[in-house]
Asker: 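Before I ask anything, let me first share the structure, which is written out below as C-alpha cells.
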Amino acid sequence: MNEIAKVNYPPLDFPATRAIDDIVITVAGQGGDGTQTIIALLTHALFHRGLHLYNTSNIASRIKGGHAATMLRGSTKWRGCLNDRFDVLMAFDTEAIEKSARWVADDGVIIYDESRAKLPEGVIAPTVTVISIPFSRIAVRELRRDLFKNCVGFGLLSRVIGLPDEEAIGCIQQQFKRLSAQDLEYNLRAFQQGLEFADAMGLTAAHSVYSLPSQKNENRLLINGNEATAFGFAAAGGRFFAGYPITPATEILDWLTKRLPRLGGIAVQAEDEMAAINIAIGAAMTGVRTMTGSSGPGIALMQESVGHCGSAEIPLVIVDCQRAGPSTGMPTKIEQSDIGMLAHGSNGDFPRVILAPGNPEECFQIGALATNLAAIAQMPIYIAQDGLSQTSETATMFDVDSVQIEYGEKLSADDVAQMKEYRRYAITDSGISPWAVPGIPGAMNLVTGNERNEWGQVVTDLPNRQAMMDKRRRKVETIRPRLPLAKEWGDDSAIIGVICMGMISGVLDEARERLEKIGVFIRCHRPRTLFPVLDDTLAFTRRYKTVFVVEHNESGQFLHLLQGAGAPAENLISLRKYDGAPYLPFQLVEALLAELE
Amino acid sequence: MNEIAKVNYPPLDFPATRAIDDIVITVAGQGGDGTQTIIALLTHALFHRGLHLYNTSNIASRIKGGHAATMLRGSTKWRGCLNDRFDVLMAFDTEAIEKSARWVADDGVIIYDESRAKLPEGVIAPTVTVISIPFSRIAVRELRRDLFKNCVGFGLLSRVIGLPDEEAIGCIQQQFKRLSAQDLEYNLRAFQQGLEFADAMGLTAAHSVYSLPSQKNENRLLINGNEATAFGFAAAGGRFFAGYPITPATEILDWLTKRLPRLGGIAVQAEDEMAAINIAIGAAMTGVRTMTGSSGPGIALMQESVGHCGSAEIPLVIVDCQRAGPSTGMPTKIEQSDIGMLAHGSNGDFPRVILAPGNPEECFQIGALATNLAAIAQMPIYIAQDGLSQTSETATMFDVDSVQIEYGEKLSADDVAQMKEYRRYAITDSGISPWAVPGIPGAMNLVTGNERNEWGQVVTDLPNRQAMMDKRRRKVETIRPRLPLAKEWGDDSAIIGVICMGMISGVLDEARERLEKIGVFIRCHRPRTLFPVLDDTLAFTRRYKTVFVVEHNESGQFLHLLQGAGAPAENLISLRKYDGAPYLPFQLVEALLAELE
Amino acid sequence: MNAIATTKTYTPSQPIWCAGCGHYGVKNALQYSMQALDIAGHETFVLAGIGCSGTIQNYIGAYGYHAMHGRVLPTATGVALANPHLTVIAAGGDGDGYAIGGGHLLHTFKRNPSMVYIVMNNAVYGLTKGQDSPTMPEPTAAPEEQALDAIQLGLSIRGTTFLARGFTSRPAQLNRLMMQALEHARAKRGLAFLEILSPCVTYNDTYPLWDAMVIDKDADENYDNTNRAQAMVTSLELSEQGRIPLGLLYRGDHPSYDSAFHRNAVTAPALEDVKAPQQQQLLRDILAEYKR
Amino acid sequence: MNAIATTKTYTPSQPIWCAGCGHYGVKNALQYSMQALDIAGHETFVLAGIGCSGTIQNYIGAYGYHAMHGRVLPTATGVALANPHLTVIAAGGDGDGYAIGGGHLLHTFKRNPSMVYIVMNNAVYGLTKGQDSPTMPEPTAAPEEQALDAIQLGLSIRGTTFLARGFTSRPAQLNRLMMQALEHARAKRGLAFLEILSPCVTYNDTYPLWDAMVIDKDADENYDNTNRAQAMVTSLELSEQGRIPLGLLYRGDHPSYDSAFHRNAVTAPALEDVKAPQQQQLLRDILAEYKR
Ligand SMILES: Cc1ncc(C[n+]2csc(CCOP(=O)(O)OP(=O)(O)O)c2C)c(N)n1
Ligand SMILES: Cc1ncc(C[n+]2csc(CCOP(=O)(O)OP(=O)(O)O)c2C)c(N)n1
Ligand code: SF4
Ligand code: SF4
Ligand SMILES: [Mg+2]
Ligand SMILES: [Mg+2]
C-alpha cells in the first residue's frame with residue numbers, strides 16, 4: 001500500500017501559514033461520495049476547537065448520486081450564515097468543480113482530482129492554491145474501497161487547515177467509534193495516506209495553509225432546525241405526530257418516529273398529507289399534544305384542514321419547512337414564500353398564529369411554545385421554518401428541564417364533576433372555552449367545523465354566528481402577550497431599519513457589521529411572530545423613514561403582511577431574493593447599498 | 001270542492017289600495033313545500049310588468065324539508081339587493097312565522113295558517129295586515145293534493161298585490177305549460193279557490209292591498225350568477241369543465257353538464273376536488289378552454305393544484321362560489337371571505353388574477369373574459385363569486401354574438417412547421433411563451449411544476465430560476481391593460497369614498513341614494529379586478545381622506561389586500577359584516593353613519 | 001351507565017332527516033346496540049363525515065365530531081391510536097366515504113385500526129341534492145361505469161378483518177351486525193366495516209329495488225365467511241346476478257394497526273403524564289445524544 | 001415516423017437514476033414498444049407523477065408532463081377525454097400511485113378511461129430517500145400491516161379491463177406486456193394497468209428477493225385471464241404462498257369511460273372549432289331558454 005505514497009509528489013510552493021478566525025470549507029461530489037463523512041470529521045475538529053459552526057448543503061436532487069456540495073463554516077463569532085467565498089474546496093468530480101470553483105476565495109485552496117476535470121477558465125484567481133490528488137485511485141488501489149477516500153481527503157485537509165495530527169486522529173476515532181477495529185484501522189491508514197501526500201507536497205505539521213484558533217465554548221450542541229423543532233415539541237409534552245415524507249420536512253417525521261415511542265408517544269407516516277393532518281386532528285381531540293408538518297406543497301394540501309382546526313377549535317402545531325416554490329418548485333432550495341399562504345390560506349376567517357424561529361435554539365423554544373399556545377388557545381399554530389430545516393448550527397445546550405408544560409383550560413374528570421353544566425364552545429371573555437376530552441363522564445360534546453351554538457350543535461342564526469366569530473378572534477388577543485416579540489439589534493441611533501425573517505438573521509448581522517465599517521449604521525429587527533403582526537414590528541416600521549424588508553421570495557409576501565397590518569408603505573423598501581440560494585453577506589450589503597445610493 | 005269556499009270567511013278591514021313601485025314578497029316554509037312554485041308564479045307576473053327582479057333564498061340546510069324562505073323583490077329601478085323589510089310574507093309553517101314575521105314592514109301583509117302557529121309577540125306592528133288561511137287543509141280536502149296549496153296561495157297573493165285575474169292565469173299557464181291538461185286544470189281550480197277566499201275576505205279585483213306599475217322593459221332575462229358565469233365561459237369557447245358537488249357551486253356543474261355536450265364539450269363530476277382540478281388541468285393541456293369551480297372548502301383543497309397551474313403555465317379558469325366559512329361554516333350563507341386565500345393561497349409565488357363580478361351581466365362578461373385571459377396568459381384566473389351564486393336577477397339580454405374568442409399565443413401545426421425551434425417556456429418580453437399542444441409534430445415539450453429551463457427540463461441553476469420567475473410575473477403585467485377596471489359612481493364631488501366588492505354593489509347604491517336624501521354624499525367604487533389591485537383603485541384610496549371598505553368577512557380581507565398593495569391605511573375605514581346575511585340597505589346606512597359621526 | 005342520564009351537556013337533537021330516510025334506521029341500530037352492550041356515551045366517540053348521514057353524531061349522546069368531507073377515517077384512526085380506551089365509531093355517507101374519501105378507505109382497510117366504520121349507502125349525495133355517488137349503478141354521466149362495491153374492495157385488501165353489509169329494512173339483522181361490529185372494534189381486533197343500505201327517499205328511493213335485490217348470507221349455512229377468496233367469488237357472482245349480499249360477509253384475523261403501536265412504553269398517548277419525572281429523564285437522554 | 005428525428009425541441013436527457021435502478025428497464029420497455037408499434041412521439045402524451053419514477057417523461061421524446069404528487073391519473077383522464085387522438089400514458093411510482101394517489105386509482109379503475117397506467121413499484125419512496133411505500137411488506141411502523149396488491153385491488157373493481165404485472169428483470173415479457181397495454185389503450189378499450197416491479201437498488205434492493213418470488217402466469221395454460229373471480233382466487237392463493245404473479249393477469253371487456261362521453265356531438269373537445277357558425281347558433285339556442 002505504499003506505492004503511490006512513495007511517488008514523489010511535486011512539492012508545491014505554499015505561502016506562509018495564515019491564522020484565520022473564520023473559515024468555510026466545502027466538500028462537493030456526487031451524493032453517494034461520502035462527502036458527508038469528511039464534513040462530519042471536520043465538524044468534530046472545529047467543534048472541539050470551540051468554534052461556532054454553520055453547516056448546510058447545496059444539493060441538486062435527493063436521489064443518491066446527484067450533485068451535492070456541503071459547506072461548513074467555523075468561526076470564533078456566531079455567524080448563522082455562509083461567507084461570501086469558500087476558503088477550501090474539496091471537489092470529487094467534474095460537476096463539483098464546475099459548480100463550486102468560482103466561489104473559492106482569491107487566497108483559497110482547491111483540492112480536486114485533475115484526472116477527472118479541468119478547472120473552468122477565467123473564474124479562479126491565479127492566487128488560488130490548487131492541489132490535485134487522485135483520491136479514489138488511491139483509496140481503491142491502496143485500501144480496496146472507494147469509501148476510504150474520505151479519510152485520505154481528511155488527512156490532506158487537516159494539513160490545509162492546520163489541524164495537529166492527534167486532533168485529527170481523535171476525530172476519526174470519534175466518528176468511527178461504532179465501526180469494527182479493522183475498519184477503524186483502515187480509515188486511519190487512509191488518513192495516514194492523506195498525510196503522506198501532504199508531506200510530499202510540502203504541507204507539513206509545521207507548515208499548513210491556515211491555522212485556526214481554539215476557544216472555550218462549553219455546553220454547546222450542534223443541531224439542525226428540524227431536529228430542534230421536533231425536540232422542542234417533545235420537551236413541551238408533544239406526544240403525537242403524523243406526517244408524510246417531503247423534502248425538507250422528512251427529518252421531523254424521522255426524528256419523532258425514532259424518539260416519541262420512548263416517551264409513550266406515537267409518530268405516524270400517513271398515506272398523504274390530508275390523512276396526516278386529519279390523523280393529527282383525531283389525536284389532538286383526545287387531548288394528546290399533537291403536531292403535523294410538511295413543506296409547501298403538503299401544507300397547501302392541508303389548507304382545508306387547518307381552517308377546520310381554526311373553526312372547530314382543535315389545538316394543533318403545524319410546521320412548514322418551506323422550500324422554493326411555486327408548486328414542486330426546487331425541493332432542495334431555500335425560500336420564505338409560504339408566508340402568505342399561512343396567513344391567508346384556507347377559506348373563511350379563523351384564528352391562527354405564525355411563529356418563525358431564526359436559529360436552532362429558537363426552533364427548540366418555538367417548538368415548545370407553539371405546543372403550549374396550541375393547547376392554551378385551542379387553535380392551529382404554524383411554525384414557519386426556512387433554510388433552517390436544511391442547516392445545522394451550534395447552539396447553547398438546550399435546557400429541557402426549564403420547559404413548562406401548560407394545559408390552558410383543559411378539564412380533568414374531576415373538574416367536570418364539579419361543574420353543573422358543560423358547554424364545549426362556551427362564549428367567554430378570553431374566547432377560550434374550557435375543554436373536556438372524550439372519556440370524561442358527563443362532558444359529552446360535539447365538535448364541528450360548521451357554525452354551532454355553545455353546545456356544539458349546528459345552527460346558522462345570525463347573532464350566534466357573530467358571537468362565535470368574535471369569540472374565536474378573541475383567542476388571538478388572549479394569547480397575544482405570549483407571542484414572542486422581535487429580536488432587535490444593531491445601532492440604536494441608526495436612521496435606517498432593516499426587517500428580516502428566520503434564516504436571514506445571520507447574514508443580516510454580518511452585513512450590518514460590514515456596513516458599520518464603511519460608516520453605514522442600521523438597526524435590525526427580526527419578528528419571531530409573523531402573524532399577527534405585532535405592535536413592536538409596526539412601531540419599528542414607523543420609527544424610520546427607511547425600513548428595508550428583506551425576504552426570500554418573489555412577491556414580497558412579508559412586506560404585504562406588514563402593509564396589510566397597517567405599516568406605512570412609504571417607509572418600506574422591499575429587498576427580495578428568489579433564486580433559491582440564500583443571500584451571501586456581500587450580496588446583502590450590495591443590495592442595501594444599491595437602494596441607499 | 002266548494003264546501004270550504006262557501007264558508008263565509010270573516011271579511012277583513014283592508015285599507016285603501018296603495019300604489020307602490022318597489023315590493024318584496026317572501027314565501028317561507030319547509031323546503032318541500034313548493035314555496036319555489038309560488039315564487040316562480042310571482043316572478044312571471046312581475047317580469048311581465050317589466051319590473052327589475054331580485055330573487056334570493058334564505059335556507060337553513062339543503063336537505064329537503066329544511067326551512068327555506070324565498071324572497072322576490074320587484075322594482076321599477078334596478079336594485080340588486082333586498083329591501084329592509086318584506087311587504088308581503090306568506091308563511092307555511094311555524095318556523096317560517098318565527099323567523100320571518102319580524103321582518104315584515106309596518107304596513108305590510110302576513111298570510112299564514114293560524115291553526116299551525118302563533119304570531120310572535122311584540123315584533124309585529126299592529127298596523128300589519130294579518131290574513132289567516134288554512135292552505136293545506138283546503139288543498140288536501142278540496143284537491144286531494146297538498147301541492148295545490150301553492151296555487152291557492154297564489155290566488156290570494158294575486159289579490160294582495162293587485163294582479164288582474166287574467167294576468168295571474170297567464171302566469172299559471174306559462175308555469176305549468178308542460179303539465180297535462182288535467183293537472184293544469186287542477187291548478188287553475190286551486191287558484192280560483194284562492195280567489196274565492198280573497199273575495200270572501202274583501203280582497204277583490206277592485207280592492208287589493210297594493211297596486212303595482214307596469215313598465216316597458218324588453219330584452220331582459222332572469223338568470224342567476226352561477227348560470228351566467230357558466231354561460232359566459234361557454235360563449236368564450238369554454239368546452240371542458242370538471243367539478244364536484246358543493247353548495248353553492250353545484251349549479252355550474254349542472255348547467256354545463258346539461259349544455260356542454262351539445263357544443264361538443266364535456267363536463268365531468270369527479271370523485272373529489274383534487275381530481276376535478278387535475279382532470280381540468282389534463283384537459284386544459286390539450287388546448288380545450290377549461291374551467292373548474294367549487295366553494296371555499298373545495299377551493300382550499302385545490303390550492304396545491306392552482307399553484308401548479310401558475311408554475312407550469314396552464315390556462316385554467318377557477319370559479320369560487322364563496323360561502324360563509326371557515327371550514328364547512330354555513331354552506332347556504334353568503335360571505336366574501338376567500339379573497340385572502342385566492343390572492344395568497346398555495347405555496348410559493350406565481351401569477352394569478354382574481355376577477356369579481358357584481359351582477360349576472362358581469363358574471364357573463366367576466367366568465368368570458370376569464371376564459372380568454374387564461375388562454376392568453378396561460379395561467380390560473382379566479383372568478384370570485386359571492387351571494388350572486390344564490391341570487392337571480394333580471395339583466396339585459398346577453399349578447400353572445402359579440403363575445404370574442406382569443407387564442408393568445410397558441411400555435412397551430414402550421415405555425416410550428418414554420419419554426420426552426422420550439423421552446424415551451426421561451427423567455428419573452430411579454431412573459432408569454434408560444435404554446436403548442438400535444439399532437440403537433442415536432443413541438444414535443446415538457447410541462448412541469450418544478451423549476452425548468454426553456455425546454456421544460458428540470459434545472460435548479462440560479463440565473464435560470466430568476467429569469468423564469470420574472471418571466472411568469474411579467475405575464476400579469478402583459479394582461480394588466482385587459483383587466484377590468486372598477487365601476488365607479490355616485491357624487492363626483494363627494495369627499496367620502498366607499499369601496500365594495502361583488503354583491504354589495506346593489507345595497508351600496510341604495511344606501512347612497514338614502515344618504516343623499518339626508519345630505520350625505522358618497523362616491524362608490526367597486527373593483528372588478530380584486531388582484532392584482534389596480535391603479536384606479538389605489539388612486540381612489542388616495543383621493544379621499546375617508547374611504548370605507550365594505551366587505552362580508554370578519555378580518556377585512558379586502559382591506560388587507562388594498563393596504564398590502566400600498567393603499568394608505570390612514571384613509572381607510574373597514575366595515576365588515578360576517579353573520580352570514582348580506583347588508584340590508586338600512587344596516588349599511590347605519591354602519592356608514594355610525595363611523596361618520 | 002346510561003350516557004344521556006348523566007350528561008351535563010347537550011341534549012341530542014331531533015334528526016334533520018326527511019321522513020322515511022334510511023338513516024333513521026342506522027341511528028336506531030346504533031343506539032340499540034350501544035344500550036344492549038352497555039357502552040357508555042362518554043367512552044364513545046362518534047366521528048361523522050359531511051352529508052345527511054354526517055349528522056348522526058348529533059343524535060347519540062356520545063362525544064361527537066363532524067369531520068371534513070371525506071376525512072373521517074384518518075381522523076378516527078388518530079383517535080384510536082391516541083386513546084385506545086375509547087370506543088371509536090366513524091360514520092358517513094357513500095359520497096363521503098367512497099368518493100372523496102376513497103383513498104383513505106383503501107388505507108384504512110389496509111391498516112385495520114380498531115374501530116367501527118359505518119357507511120350509510122344510498123347511492124346518492126343526499127345533502128347536495130341528489131347527484132350520483134360511486135355506488136350509483138349507471139351514473140348519468142357515464143352510464144356504463146360500474147357501481148363500486150365496497151365489500152369487494154375490502155376483500156381485495158388483505159388486512160381486513162370484518163366486512164359486513166346491512167339494510168335498514170332488515171332491522172333485526174342490522175342490530176346484530178352493529179353489535180358484532182362494536183364488539184370487534186372494542187376487542188381491538190381491527191376495523192369493523194359495516195355498510196348499511198340506507199335509502200334516500202327524496203333523491204333515490206331504492207327501498208323496493210333493494211328489497212328485491214338483497215340476499216341474506218348470514219342465513220346461508222354453506223357460506224364460509226372466514227374464507228376471503230370464497231367470499232369474493234360469491235360476492236362477484238351475486239353482483240353478476242344483480243343481487244346484493246347482506247350479512248357478516250367476511251371475518252378475518254389479522255393484527256390491528258393500533259396493536260403495532262400500543263406496545264412497550266406506549267399505552268395511550270392521550271393519557272400519558274408528560275410531566276412525570278421519568279419523562280424528564282428521557283428528554284435528558286435525548287439531549288445527551290447531542291453531547292459531543 | 002421517428003419522434004426524435006423530427007423534433008424541433010428538447011433532446012431527451014440522460015436519466016438521473018442511480019446505476020442499476022429498475023426504472024431504466026421500464027424506460028427501455030416503453031421506448032421499445034413505442035417503436036415496435038410505430039407510435040409517434042408527437043401523438044403521445046406521457047404524464048408522470050413525482051418520484052424517481054416521475055422523471056421518465058423526460059427521456060422519451062414525446063409530449064411530457066410532470067404532475068403533482070399523486071395526481072397523475074385524473075390529469076391523464078382529462079387528457080383522454082379532451083383529445084382521444086392522443087396515446088395517453090400515465091406513469092409513476094408506488095408511493096405516488098398507491099399512497100397519495102390511492103383514491104384516484106380506485107376511481108380510475110372504476111371509470112376505465114382509455115390510457116396506459118404504468119406503476120414502477122419498488123416498495124419504497126425512492127426520491128425522498130427510502131421510506132416505506134404501501135407495497136412494502138412489514139413496514140417499519142406497523143410491521144403487521146399487509147402490503148397492498150394493486151392487481152387484487154383492480155380485480156375488486158368491476159370496471160377494470162386490463163391488469164398486468166411485469167418485472168424489469170424479465171424484459172422480454174415486459175416488452176410484450178407494454179405493447180399489449182398500449183394496444184389496449186389505443187383501441188379505446190379502457191385502462192391498461194401495468195404494474196412493473198422495478199427495484200430501487202439504493203434503498204430497497206429487491207432484485208434477488210423478487211426474482212425468487214415471481215411466477216409467470218402468461219406461461220400457465222390453465223390460467224384463464226378473462227375470469228375475474230378465478231384471477232382473484234389465484235392471486236390471493238399466490239400471495240399466501242409468498243409468490244408474485246406476473247403477466248397479463250386479467251383482461252375484460254367493459255365500455256371505456258371516454259366512450260360514454262365521445263358520442264353525438266362530442267368527438268374531441270380539444271379539436272372543436274369553437275368559432276364555427278353552428279356553435280354560435282347553439283349558444284343563441286341556449287340564450288333562447290332564458291327568453292320568457
Ligand atoms: C370539500 C367538500 N366538498 C364538497 C362538499 C359538499 N358536500 C357536502 S355533503 C356531500 C356529499 C354527501 O353525500 P353522502 O356522503 O353520500 O351523504 P348523504 O347526504 O347521502 O347521506 C358533498 C359533496 C363539502 N362539504 N366539502
Ligand atoms: C404533495 C407532496 N407530498 C410529498 C412530496 C414528496 N415526495 C416526492 S416523491 C415522493 C414519493 C416517491 O415515491 P414513489 O412514488 O414510489 O417513486 P420512486 O421515487 O420510488 O420512484 C414523495 C413523498 C411531494 N413532492 N409532494
Ligand atoms: S335528502 Fe335523502 S339522505 Fe338526506 S335526509 Fe332526505 S332522504 Fe335522507
Ligand atoms: S433512489 Fe432508488 S428509485 Fe431512485 S433512482 Fe436510485 S435506485 Fe432508482
Ligand atoms: Mg349518500
Ligand atoms: Mg417507489
Side-chain angles (χ1 to χ4, degrees), chain A residues 60-61 274 295-297 299-301 303-304 307-308 310-312 322 324-333 335 337-338 340-341 343-350 448-451 460 462-463 465-466 469-470 473 553-555 557 559-561 563-569 578-581, chain B residues 60-61 274 295-297 299-301 303-304 307-308 310-312 322 324-333 335 337-338 340-341 343-350 448-451 460 462-463 465-466 469-470 473 553-555 557 559-561 563-569 578-581:
Chain A
S61 139
M274 256 109 36
S295 185
I299 300 288
L301 286 172
Q303 285 302 297
E304 187 201 15
H308 179 84
S311 167
Q322 298 173 87
S327 192
T328 311
M330 304 193 296
T332 60
K333 301 288 175 186
E335 211 163 85
S337 60
D338 296 346
M341 164 171 71
H344 298 296
S346 203
N347 57 307
D349 289 311
F350 56 92
T448 174
N450 282 57
E451 200 52 274
T460 58
L462 313 189
R465 156 69 172 187
Q466 168 115 17
M469 289 291 280
D470 292 340
R473 182 188 48 225
N553 62 61
E554 181 261 338
S555 69
Q557 300 191 357
L559 178 86
H560 284 107
L561 263 193
Q563 290 182 178
Y578 47 94
D579 60 5
Chain B
S61 139
M274 258 108 37
S295 185
I299 299 288
L301 286 172
Q303 286 302 297
E304 186 201 16
H308 179 84
S311 167
Q322 299 173 85
S327 192
T328 311
M330 305 192 294
T332 59
K333 301 286 177 190
E335 211 163 84
S337 62
D338 296 346
M341 163 171 71
H344 298 295
S346 203
N347 58 306
D349 289 312
F350 57 93
T448 174
N450 282 57
E451 201 52 273
T460 59
L462 313 189
R465 155 71 171 184
Q466 169 114 18
M469 289 292 279
D470 293 341
R473 182 187 48 225
N553 61 63
E554 181 261 337
S555 69
Q557 299 191 357
L559 179 86
H560 284 107
L561 263 193
Q563 289 182 178
Y578 47 93
D579 60 5

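Small disclaimer: the values here were computed from a predicted structure and weren't measured.
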Asker: Any idea which heavy atoms bring A/Asn553 and A/Ser337 closest together, and the distance?
Answerer: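 Looking at all heavy atoms of both residues, the closest pair is CB-CB, 3.6 Å.
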
Asker: Out of B/Gly307, B/Ala324, B/Pro463, B/Ser311, return the one with the most heavy atom pairs under 4.5 angstrom to chain A.
Answerer: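 Option with the greatest count: B/Ser311.
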
Asker: What part of A/Glu554 gets closer than 4.5 Å to chain B, counting heavy atoms only: side chain, backbone, both or neither?
Answerer: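 For A/Glu554, heavy atoms of backbone and side chain both lie under 4.5 Å from chain B.
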
Asker: Please determine, among B/Gln557, B/Gln303, B/Glu304, B/Met274, the option with the most heavy-atom pairs under 4.5 Å with chain A.
Answerer: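 It is B/Glu304.
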
Asker: Between B/Ala343, B/Ser346, B/Ala569, B/Ala312, which shows the greatest number of heavy-atom pairs under 4.5 Å with chain A?
Answerer: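 Highest number of heavy-atom pairs under 4.5 Å: B/Ser346.
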
Asker: Using non-hydrogen atoms and a 4.5 Å limit, figure out which bit of B/Gln322 sits close to chain A: side chain, backbone, both or neither.
Answerer: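 Neither; nothing under 4.5 Å.
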
Asker: Against chain A, label B/Glu451 side chain, backbone, both or neither, depending on which of its atoms sit under 4.5 Å from a heavy atom there.
Answerer: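 When you check distances to chain A, atoms from both the backbone and side chain of B/Glu451 fall under 4.5 Å.
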
Asker: Counting only heavy atoms closer than 4.5 Å, note whether A/Ala567 contacts chain B via side chain, backbone, both or neither.
Answerer: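 The answer is neither part of A/Ala567.
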
Asker: If every non-hydrogen atom of A/Ala300 is compared with every non-hydrogen atom of B/Asn347, which pair is closest and at what distance?
Answerer: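 Of all heavy-atom pairs spanning A/Ala300 and B/Asn347, the closest is CB-OD1, 4.1 Å.
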
Asker: Sort A/Leu462 into side chain, backbone, both or neither according to what part of it lies under 4.5 angstrom from a heavy atom of chain B.
Answerer: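 For A/Leu462, heavy atoms of backbone and side chain both lie under 4.5 Å from chain B.
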
Asker: Heavy atoms only: give me the nearest A/Ala581-A/Asp579 pair and the separation to one decimal.
Answerer: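 Of all heavy-atom pairs spanning A/Ala581 and A/Asp579, the closest is N-OD1, 3.1 Å.
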
Asker: What residue, out of B/Ile299, B/Asp470, B/Thr448, has the most heavy-atom pairs lying under 4.5 Å from chain A?
Answerer: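 Answer, by heavy-atom pair count under 4.5 Å with chain A: B/Asp470.
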
Asker: Tell me which of these, B/Gln466, B/Met341, B/His308, has more heavy-atom pairs under 4.5 Å with chain A than the rest.
Answerer: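 Counting heavy-atom pairs under 4.5 Å, the top option is B/Met341.
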
